[in-house]
2 protein chains.
Amino acid sequence: MTSPKPVPPGRPRAFDIDEALDRAVLVFWSKGFEGASLDDLTEGMGISRPSLYRAFGSKEDLFYKALERYTEGLTAYFARALAEPTSAAVATAVLHGTVEAATMPGLPTGCLGVHGALATGDESRPVRDALIAWREEGIAHLTRRFQQAVDAGDLPPSTDPHLLALYLRTVANGIAVQAASGSSRPELLQVANLALGSWPKL
Amino acid sequence: MTSPKPVPPGRPRAFDIDEALDRAVLVFWSKGFEGASLDDLTEGMGISRPSLYRAFGSKEDLFYKALERYTEGLTAYFARALAEPTSAAVATAVLHGTVEAATMPGLPTGCLGVHGALATGDESRPVRDALIAWREEGIAHLTRRFQQAVDAGDLPPSTDPHLLALYLRTVANGIAVQAASGSSRPELLQVANLALGSWPKL
DNA sequence: GCACATCCGTACCGATCGGTACCGAAGGAG
DNA sequence: CTCCTTCGGTACCGATCGGTACGGATGTGC
């Protein structure tokens, strides 16, 4: 059995690459892609500029990798929510998870997938489009989950799974924006519950 | 009776200042405050850089004036919505107006008050805060309107007017984000109607 | 006609942007 | 110990950023 760490040649990296990525997430999250300068990033990550480029390629590549890590880490509640037994439980878990993730003490408010690059100059359009695709992917997952619920008789046959998914994503977007505007966690939980009040009853 | 146009001394301005402001709105709307460079603005407004500074002071001042004009113009549906006779009609008019304004053919998608400066670098923080205040003002207007509805017996006495206002603003924020992600007007109208389904029935 | 105020645009400012050339340091392989 | 590869950081690159100095043009009031 080969070692999982086939020590690479050359001088070893002096910093932990995942830890640096975690810190980059925080910078992009609070300032957005365009608002985060390389000086902001290098200071926040605790590494020098050439180290950043060697490890991550470019500012844009760094953002994509940070988004990936954000998705696997801080939005893991989403994957768990999809595994809930009923569609109503899925919706509740998604919105409650969104509120919690968007109002974590000690972390930036809102959601990287919403704030990262909502409106940008032409140069950052690829990043903007990547975030659109990121949100679209969430909708696609929810749509499949709700289609499954319709098939299983958990939702009325007349239900439009895509509409429900889009509705949830829309409310989640709004929660992220309001969290970044300073709305508190209890306030937003009430909003989430109000939004869940219109969930189709079987 | 004095003339309303007391012709000022000096060479007259060669462009219409409100028209230029309208065009600035479009640039800020589609690219955001940070993403809109002075070259973007001067090209979009059809005036030179010093003309822009003489007429509007700075990029930041220009943004504030553009936001003001946007509020009085493209979001006039909001003031009309507040004048609807019932709280349910107010809510419907707000969300339908939001969807329409966010998906106007020939105009940028979404909402300047949401996209303009959601996450920014430190330098643009005043602009970000101004947009937070802008959204907060909308919530305050709605809160007063719903308090009035409670007082008039149009809403149950147990209603929390602020919660309803925050809920509407949250859904409107989400609609703006989704519009900027490419969701269509019919889709978003369905989402708005779904959101209105949880409106308190008297 | 003349003085004055404001406008116009060209051409420029220092600062900051994202990105990199370079060279010494630090590890493994022989 | 030498070679090779990759790391580290300083010091720099051209491009673009927001903002302005300046000189010519165009209007009103006297």
Side-chain angles (χ1 to χ4, degrees), chain A residues 2-3 5-21 24 27-28 31-66 116-117 119-128, chain B residues 2-21 24 27-28 31-66 116-117 120-128:
Chain A
T2 48
S3 165
K5 281 245 183 175
V7 181
R11 178 173 173 174
R13 187 176 284 120
F15 61 93
D16 184 284
I17 198 165
D18 284 331
E19 188 177 332
L21 208 44
V27 177
F28 280 132
K31 301 194 173 186
F33 176 73
E34 281 181 336
S37 71
L38 279 178
D39 282 343
D40 292 328
L41 288 164
T42 53
E43 186 190 337
M45 298 167 77
I47 64 177
S48 75
R49 201 179 283 235
S51 292
L52 188 157
Y53 274 80
R54 249 190 310 274
F56 302 104
S58 70
K59 186 188 175 186
E60 189 175 330
D61 288 339
L62 172 61
F63 183 85
Y64 296 140
K65 284 165 183 161
T120 68
D122 299 326
E123 202 172 328
S124 308
R125 177 140 306 183
V127 177
R128 214 194 64 171
Chain B
T2 49
S3 166
K5 281 247 184 177
V7 182
R11 177 172 172 176
R13 187 174 285 120
F15 61 93
D16 185 283
I17 198 166
D18 284 332
E19 188 177 331
L21 208 44
V27 177
F28 280 132
K31 302 193 171 186
F33 176 74
E34 281 181 335
S37 71
L38 279 178
D39 283 343
D40 292 329
L41 289 164
T42 53
E43 185 190 337
M45 298 165 79
I47 65 178
S48 75
R49 201 179 282 237
S51 291
L52 187 157
Y53 274 81
R54 236 172 291 117
F56 302 104
S58 71
K59 185 189 175 186
E60 188 175 329
D61 288 338
L62 172 61
F63 183 85
Y64 296 141
K65 284 166 182 160
T120 68
D122 300 325
E123 202 173 326
S124 308
R125 176 141 306 184
V127 177
R128 214 195 64 169

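The chains referred to below are lettered A, B, ... by the order of the sequence lines, with proteins before strands, and numbering in each begins at 1.
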From C-beta outward on A:Arg13, which listed nucleotide comes closest to its side chain: C:dC7, D:dC7, C:dG9? D:dC7
For D:dG8 and A:Ser48 - does any side-chain N or O of the residue sit under 4.0 Å from the phosphate oxygens OP1/OP2? no
Does D:dG18 have its OP1 or OP2 closer than 4.0 Å to a side-chain nitrogen or oxygen of B:Ser58? no
Spell out, as yes or no, whether a donor-acceptor pair under 3.5 Å connects the side chain of B:Glu60 to the backbone of B:Val127. no
Return the minimal non-hydrogen interatomic distance between B:Lys31 and A:Asp122, and the atom names on each side. NZ-OD2, 3.0 Å
What is the distance, rounded to the nearest whole Å, between atom CD1 of A:Ile17 and atom P of D:dC7? 9 Å
Does the side chain of A:Ser37 get closer than 4.0 angstrom to OP1 or OP2 of C:dC17 through an N or O atom? yes
DNA chain D: 5'-proximal contact among B:Pro12 and B:Asp40 (nearest heavy atom): B:Asp40
Whole-Å gap separating C1' (D:dG9) and CG (A:Asp39): 14 Å
Applying side-chain contact (heavy atoms from CB on, under 4.5 Å) to A:Tyr53 and A:Leu62, what does each step give before you reach the verdict? CA-CA 9 Å; A:Tyr53 274 80; A:Leu62 172 61; over 6 Å; no
Measuring to OP1 and OP2 of D:dC7, would you say a side-chain N or O of A:Ser51 lies under 4.0 angstrom away? no
Quiz question: going by heavy-atom distance under 3.5 Å, is there a donor-acceptor pair between the base of D:dG8 and the side chain of A:Arg54? yes
Rounded distance (Å) that lies between atom P of D:dC12 and atom OH of A:Tyr53: 19 Å
Which whole-number value in Å describes the distance from A:Met45 CE to C:dG18 C1'? 15 Å
Taking atom types as they are modelled, would you say the side chain of B:Arg49 forms a donor-acceptor pair with the base of C:dG9 within the 3.5 Å cutoff? no
For A:Ala55, report the nucleic acid contact type (base, sugar-phosphate, nothing); a contact means any heavy atom under 4.0 Å. nothing
When the nearest nucleotide of DNA chain C is assigned to B:Gly10 and to B:Phe15 on a heavy-atom basis, which residue is associated with the more 5' position? B:Gly10
With DNA chain C as reference, determine whether A:Arg11 or B:Pro50 sits nearer its 5' end, using the nearest nucleotide of each. B:Pro50
Might you work through the side-chain contact (heavy atoms from CB on, under 4.5 Å) test for A:Arg49 and A:Leu41, ending with a clear yes or no? CA-CA 9 Å; A:Arg49 201 179 283 235; A:Leu41 288 164; over 6 Å; no
Can you measure A:Leu41 atom CG to C:dG18 atom P for me and round it to whole angstrom units? 8 Å
Ring-plane angle category for A:Phe33 and A:Phe63, please: parallel below 30°, perpendicular beyond 60°, tilted otherwise. perpendicular
Could you state the atom-to-atom distance from CG of B:Leu38 to P of D:dT20 in whole Å? 11 Å
B:Lys31 NZ to D:dG18 P: how many Å, rounded? 11 Å
Atom pair distance, as rounded to whole Å: CD in B:Glu123 and C1' in D:dT16: 14 Å
What's the closest nucleotide to the A:Lys59 side chain, out of C:dG18, C:dC8, D:dT6? C:dG18
